[in-house]
Colleague: 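What follows is a single structure, and I will ask about it in a moment.
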Amino acid sequence: MLMRKATKNVRLGGLNVPVDTQLYLALTAVYHETKIWGIDANEFNPMRFTAVQKQLDAFVPFGLGARICVGQNLAMVEAKIVLAMIVRRYSFSVSPSYAHAPFQCITLQPQHGAHILFKNIAS
Ligand code: HEM
């Protein structure tokens, strides 16, 4: 979730938000909104991001606007470098022992770990 606190009385859409109100933006709810993501919104489907997105601001893993994550580019480059280092040496697949049980603890995490089978392809 993202959190914000109103520094003055504001009108937000049809809502009057008094000063000092804390607002919690539940991103999980936004990410499951079928009006935005389609009827398969609850399915794990990374390929949905290959299509042109009508509402780019509906997916905000790094926040948006003035307080957007300053480490966004570093994090993305780091992830790509690590992935490139792995795929040079290994092929991998999800282990049959993996139990799909995502849970939220600040970030979304695999409750019983991410069981992955690696196969060395370097030699
Ligand atoms: C996958 C990795 C990361 C994710 C998902 C992430 C996510 C976020 C999000 C959602 C915010 C906005 C919070 C808000 O608007 O209330 C944020 C802010 C911030 N992030 Fe990240 N972040 C990541 C990596 C990093 C890294 C690597 C750094 C530093 C090297 C970093 C530094 C910051 C800082 C300093 C802010 C506060 C910016 C401000 O308020 O002006 N983050 N991050």
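Everything numeric here is computed off the predicted structure, so don't read it as measured data. Start at 1 and go down the list; that is how both ligands and their atoms are numbered.
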Colleague: How close does the nearest protein non-hydrogen atom get to atom 41 (O) of ligand 1, and which residue and atom is it?
Modeller: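 Going by distance alone, atom 41 (O) of ligand 1 is nearest to Arg67 NE, 3.0 Å.
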Colleague: Identify the two heavy atoms, one from Leu2 and one from Leu27, that lie closest to each other, and give their separation to 0.1 Å.
Modeller: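 Where Leu2 meets Leu27 most closely, the heavy atoms are CG-CD1, 4.1 Å.
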Colleague: If you count every heavy atom of other residues, nucleotides or ligands that lies below 6.0 Å from Phe49 atom CZ, does the total exceed 12?
Modeller: yes
Colleague: Protein heavy atoms: any of them under 4.0 Å from atom 37 (C) of ligand 1?
Modeller: no
Colleague: To which of Ala79, Ala66, Gly65, Pro61 does the heavy atom nearest atom 10 (C) of ligand 1 belong?
Modeller: Pro61
Colleague: Kindly state each residue pair satisfying ring pair (Phe, Tyr, Trp, His ring centres under 6.0 Å) with at least one member in residues 4-32, sequence neighbours excluded.
Modeller: Tyr31-Phe59
Colleague: Relative to the heavy atoms of Leu74, which atoms of ligand 1 are at a distance of less than 4.0 Å?
Modeller: 30 (C)
Colleague: Going hydrophobic residue to hydrophobic residue with side-chain gaps under 4.5 angstrom, can you get from Leu64 over to Ile36?
Modeller: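 Per the 4.5 Å side-chain linkage, Leu64 and Ile36 are co-clustered.
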Colleague: With sequence neighbours left out, which residue pairs that include part of residues 28-43 fulfil the salt bridge (charged side-chain N to carboxylate O under 4.0 Å, His left out) condition?
Modeller: Asp40-Arg48
Colleague: Test: ring pair (Phe, Tyr, Trp, His ring centres under 6.0 Å). Region: residues 79-109. Which pairs qualify, not counting sequence neighbours?
Modeller: Tyr90-Phe118, Phe92-Phe118, Tyr98-His100
Colleague: For Ile68, I'd like to know if atom CD1 has over 12 heavy atoms of other residues, nucleotides or ligands within 6.0 Å.
Modeller: yes
Colleague: Under a 4.5 Å side-chain heavy-atom rule over Ile, Leu, Val, Met, Phe, Trp and Tyr, are Val10 and Leu23 clustered together?
Modeller: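 Yes, same cluster.
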Colleague: For atom 21 (Fe) of ligand 1, report each protein N, O or S atom nearer than 2.8 Å, sorted by chain and then by residue number.
Modeller: Cys69 SG
Colleague: Using a 4.0 Å cut-off to any heavy atom of Arg4, which atoms of ligand 1 qualify?
Modeller: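 Result: 14 (C), 15 (O), 16 (O).
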Colleague: Leu2 heavy atoms, cut-off 4.0 Å: which ligand 1 atoms fall inside?
Modeller: 10 (C), 13 (C), 14 (C), 15 (O), 16 (O)
Colleague: Locate the shortest heavy-atom distance separating Pro96 from Leu117; write the atom from each residue and the value.
Modeller: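 Distance-wise, the nearest heavy atoms are CD-CD1, 3.9 Å.
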